[in-house]
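The figures that follow rest on heavy atoms only: side chains count, while hydrogens, waters and symmetry mates do not. Just follow the structure's listing: the first ligand is 1, and inside any ligand the first atom is 1.
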Amino acid sequence: MKKELIIGMAFSAAILSSCGPTTPQLGKSPINEVINAMTLEEKAHLVIGTGMAGFSGDSAVIGKTKKLVPGAAGTTYPIERLGIPAVVLADGPAGLRIDPTREGDSATYYCTHFPIGTLLASTWNQELVENVGKAIGNEVLEYGADVLLAPALNIHRNPLCGRNFEYYSEDPLVSGKIAAAYVRGVQSNGVGTSIKHFAVNNQESNRMAVDAHVSPRALREIYLKGFEIAVKESNPWTVMSSYNYLNGVYTSENPELLTTLLRDEWGFKGMVMTDWFGGKDAVAQMEAGNDMLQPGLDRQYEAIVNAVKEGKLDEAILNRNVERILNMILQTPHFKKYNYSNKPDLQAHANVTRQSATEGMVLLKNDNQTLPLNSNIQKVALFGCTSYNFIAGGTGSGNVNRAYTVSLLDGLKNANFQVNDELKNIYLKYIAEENERNKPKGDNPLVKFLPTPLPTEMALSADQLSNWAAQTDIALITLGRMSGEFVDRKVSDFNLSKEESKLINDVCRTFHAAGKKVVVILNIGGVIETDSWKNLPDAILCAWQAGQEGGNSVADILSGKAYPSGKLTMTFPVKFEDAASSANFPTEGAMGNLSNMADPKEKKSDVKLWDYTDYEEDIYVGYRYFDSFEKQVSYPFGYGLSYTTFEYGNPKVKTENGIYTVTVDVKNTGTQPGKEIVELYISAPKGGELNKPEKELKAFAKTKELNPGETTSVTMEVKAFDLASYNENSSAWVIDGGNYQFLIGASSRDIKATLDVVVTGGVEKTNNILHLQSPINILKK
Ligand code: BGC
């Protein structure tokens with residue numbers, strides 16, 4: 001041994017003996033000393049979760065530590081001797097998902113079910129979403145969790161994706177901005193988030209083994225853009241990789257995605273974890289930069305330990321991942337020994353969800369100012385099973401164990417409407433019978449995660465309807481849809497059933513004949529068919545799934561106590577087949593093979609799997625397709641009415657330092673207060689090397705509340721590089737120089753003002769990554 005080394009060792013021993021414990025402690029010692037003090041086995045434990053016996057996640061075996069938060073999805077491995085605590089990871093987007101009751105404990109642990117992601121996005125109000133995030137994050141903190149497994153911001157590529165309700169939009173700008181606001185809100189509590197599912201998890205069918213074939217251009221412009229915005233604008237603590245393959249490689253095993261793009265190009269500094277049981281090759285995941293594998297399996301642990309021992313995995317890579325995990329843990333309430341109360345202010349949060357929900361409801365139709373209901377409308381005939389069983393949100397990990405759900409029936413009663421009793425009793429009896437009949441059979445634990453079938457709408461006779469039309473002042477009909485994780489919706493779920501169509505037809509005919517109006521309320525998580533029946537009722541309110549206070553929020557809107565100010569963040573097509581992605585979307589609702597969870601490649605059953613999806617529509621997702629190819633739609637992207645009207649005036653654009661600042665005056669020209677969402681689209685010059693969509697959303701803003709007659713000036717900014725398209729041939733973002741149109745609109749199909757802008761060209765190189773393995777048939781205009 002060299003002399004210097006001996007002296008050095010003696011010196012450090014002297015320091016250690018004079019400074020207390022000889023074992024480094026997280027937070028007190030430099031992080032590399034903590035890592036150096038870890039055994040290989042400890043490192044391998046830390047990079048995988050502590051396992052999960054049941055789907056509720058409450059059976060985690062966490063070393064010597066007791067269960068931390070029952071019902072949380074996962075925990076990290078504690079190493080007490082190094083001062084590394086276990087930290088708790090819990091779902092999800094609409095509020096914290098933990099078990100509401102605990103064995104041998106009379107206290108309850110209910111969480112607030114806030115509105116679903118789609119509703120939050122439909123507010124287009126980043127400040128509001130940030131406030132909802134603050135309330136959600138407070139429950140995370142006060143119930144002893146550390147990282148919320150949300151927000152979820154995959155693109156609404158197709159109306160049938162079973163998890164669209166958790167996601168935000170068909171547009172990446174809306175998705176990214178709303179996600180960033182949500183992250184800022186949650187994280188302001190000193191807890192973390194996990195933006196998910198990175199990336200291209202746009203279908204549930206065979207989600208753990210489907211290979212999404214997507215061009216680098218569509219990836220960069222559509223599927224990754226929202227994540228890029230969220231990473232750059234909100235610094236989420238963690239990112240969750242997705243289940244699927246992307247161009248032949250599992251996202252969780254893909255260094256181009258998780259390192260070259262996420263870290264090198266976007267500057268992400270946090271930690272990446274898998275989705276639960278995602279991917280296959282633990283060593284490849286470690287190398288790719290997927291720092292933590294959840295919920296953790298013995299075979300993953302063994303694979304990592306053996307690979308290091310056999311020289312197949314460089315321990316430096318393991319150390320790198322461990323360091324990122326430790327940096328995450330350092331920020332957590334558990335590390336900081338936060339003394340959580342288990343008593344968040346649920347009443348205050350009920351008010352937050354009730355009020356915020358109204359802002360994301362979208363008024364699709366309101367003939368002759370049917371809404372708000374005028375004060376002499378008191379007696380209500382309430383139709384549709386969902387009116388009585390209002391849906392708070394979707395199923396699966398996006399569900400929240402709430403204490404209650406306010407139905408529309410309850411909401412109307414709370415607002416002092418008189419709901420026809422005879423009709424109510426018929427419905428309640430019928431629903432109870434149907435629910436009994438549809439009750440899931442067997443004790444498969446997965447069942448509670450799956451969408452439950454809703455009762456078929458019942459047949460009501462012409463006489464019955466005439467009686468109720470005579471006895472009441474108005475008819476309300478709710479159409480409901482249930483969707484959730486593991487399964488995509490079917491085309492029949494997009495369309496109305498024949499019983500639903502008949503109900504709408506019969507009620508409208510009978511009530512109109514009696515001089516009474518009909519309002520349809522959509523209690524849905526994703527798009528349904530509206531074109532064939534929208535001419536029948538007087539008003540249509542898309543209430544989405546508005547969380548536990550949903551019935552109160554809708555009643556607030558109907559009564560005029562609140563007003564709707566949401567707009568659609570996705571297109572409502574005329575027919576399902578109209579969406580360009582429908583040609584390549586599994587429509588059978590096949591779940592894939594769940595027995596493959598432990599090893600998705602091992603096909604254990606003969607279920608026909610949907611092995612790959614070609615994203616042939618490429619960049620033409622949603623309005624980018626419908627508007628470029630001039631397709632008729634039922635309701636366009638960005639559309640939504642208000643109880644008042646707005647006039648746009650004085651549009652201007654100014655350019656300075658590569659930033660285009662657009663201003664426009666918005667005046668409330670109606671008789672009710674309201675807020676208007678202003679959308680800025682850009683139409684690029686055509687004829688260059690790249691196909692350009694007819695228009696693309698590049699900025700948006702929502703006014704403050706405007707009283708009748710009041711005017712406000714709205715400002716929206718666009719950076720020069722926001723105008724660029726991605727050129728795969730040169731691996732660069734390219735701004736074509738030339739004449740652009742800046743379109744200020746109330747929807748993608750309602751442009752109020754057009755500004756001509758001369759734009760200078762520019763190029764920004766990127767890494768040449770994420771290629772298709774073989775060409776697909778890409779849609780071009
Ligand atoms: C979902 C994730 C969720 C995780 C933990 C998975 O099935 O895809 O979104 O966070 O479970 O519950």
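- Less than 4.0 angstrom separates some heavy atom of Ser397 from each of these atoms of ligand 1: 1 (C), 2 (C), 3 (C), 9 (O), 12 (O).
- For an aromatic pair to be called close, the ring centres must be under 6.0 Å apart, and His213 with Tyr615 fails this.
- Scanning both residues, Met286 and Ile317, for their nearest heavy atoms gives O-CG2, 3.5 Å.
- Near Ala73, the atoms of ligand 1 lying under 4.0 angstrom from a non-hydrogen atom of the residue are 5 (C), 12 (O).
- The distance between the ring centers of Tyr243 and Tyr250 does not fall below 6.0 angstrom.
- Minimum heavy-atom separation, Leu224 to Arg220: CD1-N, 4.3 Å.
- When all heavy atoms are compared, the tightest approach of Val621 to His156 is CG1-O, 4.1 Å.
- Counting only non-hydrogen atoms, the option in Leu149, Asp91, Leu89 that gets closest to atom 3 (C) of ligand 1 is Asp91.
- For the 3.5 Å distance criterion, the side chains of Ser242 and Thr251 qualify, holding a donor opposite an acceptor.
- Close contacts between ligand 1 and Lys196 involve ligand atoms 2 (C), 3 (C), 9 (O), 10 (O) [criterion: under 4.0 Å to a heavy atom].
- Considering all non-hydrogen atoms of both residues, Pro70 and Ile98 come closest at O-CB, 3.6 Å.
- With ligand atoms numbered from 1 in the order given, ligand 1 contributes 1 (C), 2 (C), 3 (C), 4 (C), 6 (C), 8 (O), 11 (O) to contacts under 4.0 Å with heavy atoms of Asp275.
- Separating the CG atom in Asp171 from the CD1 atom in Ile155 is a distance of 6.5 Å, to the nearest 0.5 Å.
- Interface of Arg97 with ligand 1, defined as ligand atoms under 4.0 Å from a residue heavy atom, comprises 12 (O).
- Under the 4.0 angstrom criterion for non-hydrogen atoms, Arg207 is in contact with ligand 1.
- Using a 4.0 Å heavy-atom cutoff, Tyr243 is listed among the residues neighbouring ligand 1.
- Ligand 1 places these atoms under 4.0 Å from at least one heavy atom of Met240: 10 (O).
- Here Glu166 has no heavy atoms under 4.0 Å from ligand 1, in either its backbone or its side chain.
- Proximity to His197 (heavy-atom distance under 4.0 Å) selects the following atoms of ligand 1: 2 (C), 8 (O), 9 (O).
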